[in-house]
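Here's the structure we're looking at; comments come further down.
Values below: all heavy atoms of this structure, side chains included; hydrogens, waters and symmetry mates excluded. Atoms within a ligand are numbered from 1 in the order they appear, just like the ligands themselves.
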Amino acid sequence: MSVPFYDFAKLHDSDFKKQIIQRITDIVENNSFVEGQFNTSFQKKFAELTESNHCLLVGNGTDALEISLQALDIEKGSYVAISSISFFATVECVVNQGLTPVFVDVDSDTGLMCPDSLERILAKFQVKAVIPVHIYGLPSPMAQINSICQSRGIPVIEDAAQAHGGRYIDGSPIGSSNNLSCFSFYPTKNLGAFGDAGAICTNSHELADKIIKIRNHGRSPEGHILYGRNSRCDHFQAAVLDLKLEKFSMHHEQRKQVASFYYKHLEGLPLRTPPQKYLDYSSWHLFPVQCTNGDEKYALAEYLKKHDIGNALFYEKALSQEKPCTNIKGEFERANNFALQTLCLPMNPFITEDQVKEVAKVIKSFFT
Ligand SMILES: *Cc1c(COP(=O)(O)O)cnc(C)c1O
């Protein structure tokens, strides 16, 4: 039995295709190609889902991070502390805004920003913003991170590119905090467009107003009032996202169910799963497991592939090990190990318990 990593055929079924073709036809007939009615509709619904005052669509998740940094008006060259396990965009956004990244180490169970490491970094560097990453959809320890940053007046940008539908440990939805939360709607994310799109959620009316200007060339009714960029979201993409929201909560529950199957059937195997307390909180974008070392991980990845089980090495390296990042300061020892040992098992809403059993069976035969 093969177990696919993603399953777009089931996500984009014939019913969905029919509806999206209708929406695209309407857009073409109305010549409403950017920032149309579906942008407005989606922003309103996604703000409701995340319990935030504002959801602002932008061009992609990387732009969401960059625009957030720009909206905070941080003096060029300042340090921005970022989690050392993430997709490359988290470091890129800092550098491309003329700021200096500094790495914070991660918790070795989860790959999430470690509050103790953050405290040490803040004691050593003049940090002007902090970016935790809800990696794999697991919520970062925001109660601790927020309290550390609030007491020093440091703004927080949450990289929530993988965390749609997830919850903080206090139960409130990711995106509802008083931070800027950045989402990506890249096609493989939990909520995916037919191309690139992203969004920023915020409770601040003032920052929302500024973000609206930045994403559209600094335009305001009085003319251009700042140097922005073009990061508007296409109406086509908004139409896809708006339609996909209809089944989003159901798909989220299905992902959670798949995670619970993994917990049940991987039990007793020599693999480290994310702590089970995250079951009701993660968005379950991915299901990461840790091997005891890199050799074992690569051998297991090969073995799974041979048995038709989808898997992926997210992230093969910590950000600190990427070529352009080798001069960046900070803490990343645990991150380097975490990246070396981690492999992601198939995760999408359509995986059945039988398929999870198959994955567990193959893993068991690998270890015996
Ligand atoms: C996908 C992703 C991004 C970037 O989003 P894009 O829409 O691809 O620009 C940033 N951070 C993380 C953690 C991501 O997974």
Side-chain angles (χ1 to χ4, degrees), residues 5-6 42 46 55-70 80-97 101 103-104 106-107 110-113 129-140 142 145 156-166 174-175 179-201 211 214-215 229-234 236-238 240-241 244 255 274 282-288 312-320 322 324-325 335 338-339 342 344 347-348:
F5 198 76
Y6 301 117
F42 175 80
F46 200 71
C55 162
L56 305 159
L57 277 165
V58 295
N60 54 67
T62 309
D63 277 7
L65 290 164
E66 261 205 56
I67 291 171
S68 294
L69 283 168
Q70 189 180 343
V80 175
I82 67 175
S83 192
S84 43
I85 291 283
S86 190
F87 176 59
F88 197 63
T90 313
V91 64
E92 234 173 7
C93 66
V94 176
V95 175
N96 287 337
Q97 277 297 304
F103 289 123
V104 179
V106 299
D107 180 294
T110 58
L112 296 168
M113 181 178 273
V130 173
I131 311 182
V133 181
H134 305 307
I135 197 78
Y136 309 121
L138 302 168
S140 299
M142 293 314 299
I145 293 172
V156 176
I157 297 170
E158 296 173 37
D159 184 335
Q162 305 184 359
H164 330 63
I174 287 183
N179 302 323
L180 289 160
S181 300
C182 298
F183 292 86
S184 162
F185 304 118
Y186 184 76
T188 57
K189 307 281 159 123
N190 289 27
L191 182 60
F194 278 2
D196 282 309
I200 304 167
C201 289
I211 290 162
I214 295 172
R215 76 177 171 189
R229 60 172 69 208
N230 172 4
S231 190
R232 297 172 301 233
C233 177
D234 289 355
F236 284 150
Q237 304 305 344
V240 172
L241 294 169
K244 279 195 182 176
R255 285 177 183 271
S282 179
S283 74
W284 295 113
H285 174 56
L286 294 165
F287 196 89
L313 306 181
F314 297 133
Y315 291 88
E316 230 181 324
K317 292 176 180 174
L319 290 177
S320 41
E322 296 288 359
C325 303
F338 184 90
T342 298
C344 294
M347 173 51 88
N348 65 65

Inset, instruction - Assert yes or no for the condition that the ring centre distance of Tyr136 to Phe287 is strictly below 6.0 Å. - result: no
Pairs under 3.5 angstrom, nitrogen or oxygen on both sides, ligand 1 versus protein: list them out, please.
unit_1	atom_1	unit_2	atom_2	d
ligand 1	5 (O)	Ser184	OG	3.3
ligand 1	7 (O)	Gly61	N	2.8
ligand 1	7 (O)	Ser184	OG	2.6
ligand 1	9 (O)	Gly61	N	3.4
ligand 1	9 (O)	Thr62	N	2.8
ligand 1	9 (O)	Thr62	OG1	2.5
ligand 1	11 (N)	Asp159	OD1	3.3
ligand 1	11 (N)	Asp159	OD2	2.8
ligand 1	15 (O)	Gln162	NE2	2.8
ligand 1	15 (O)	Lys189	NZ	2.8

Inset, instruction - Please find out if less than 6.0 Å separates the ring center of Phe42 from that of Phe185. - result: yes
Inset, instruction - Would you please name every residue forming a side-chain hydrogen bond (donor to acceptor under 3.5 Å, both in side chains) with Lys189, sequence neighbours left out? - result: none
Inset, instruction - Hey, can you tell me if Phe87 and Tyr315 have their rings parallel, tilted or perpendicular (30° and 60° cut-offs)? - result: tilted
Legend entry - Qualifying residues under side-chain hydrogen bond (donor to acceptor under 3.5 Å, both in side chains), relative to His285, sequence neighbours excluded: Asn190
Quick one: side chains of residues 59-66, donor-acceptor pairs under 3.5 Å with protein atoms, not counting sequence neighbours, listed by atom name and distance.
unit_1	atom_1	unit_2	atom_2	d
Asn60	OD1	Thr62	N	3.0
Asn60	OD1	Asp63	N	2.6
Asp63	OD1	Arg229	NH1	3.3
Asp63	OD2	Ser231	OG	2.6
Glu66	OE1	Gln97	NE2	2.9
Glu66	OE1	Arg229	NH2	2.7

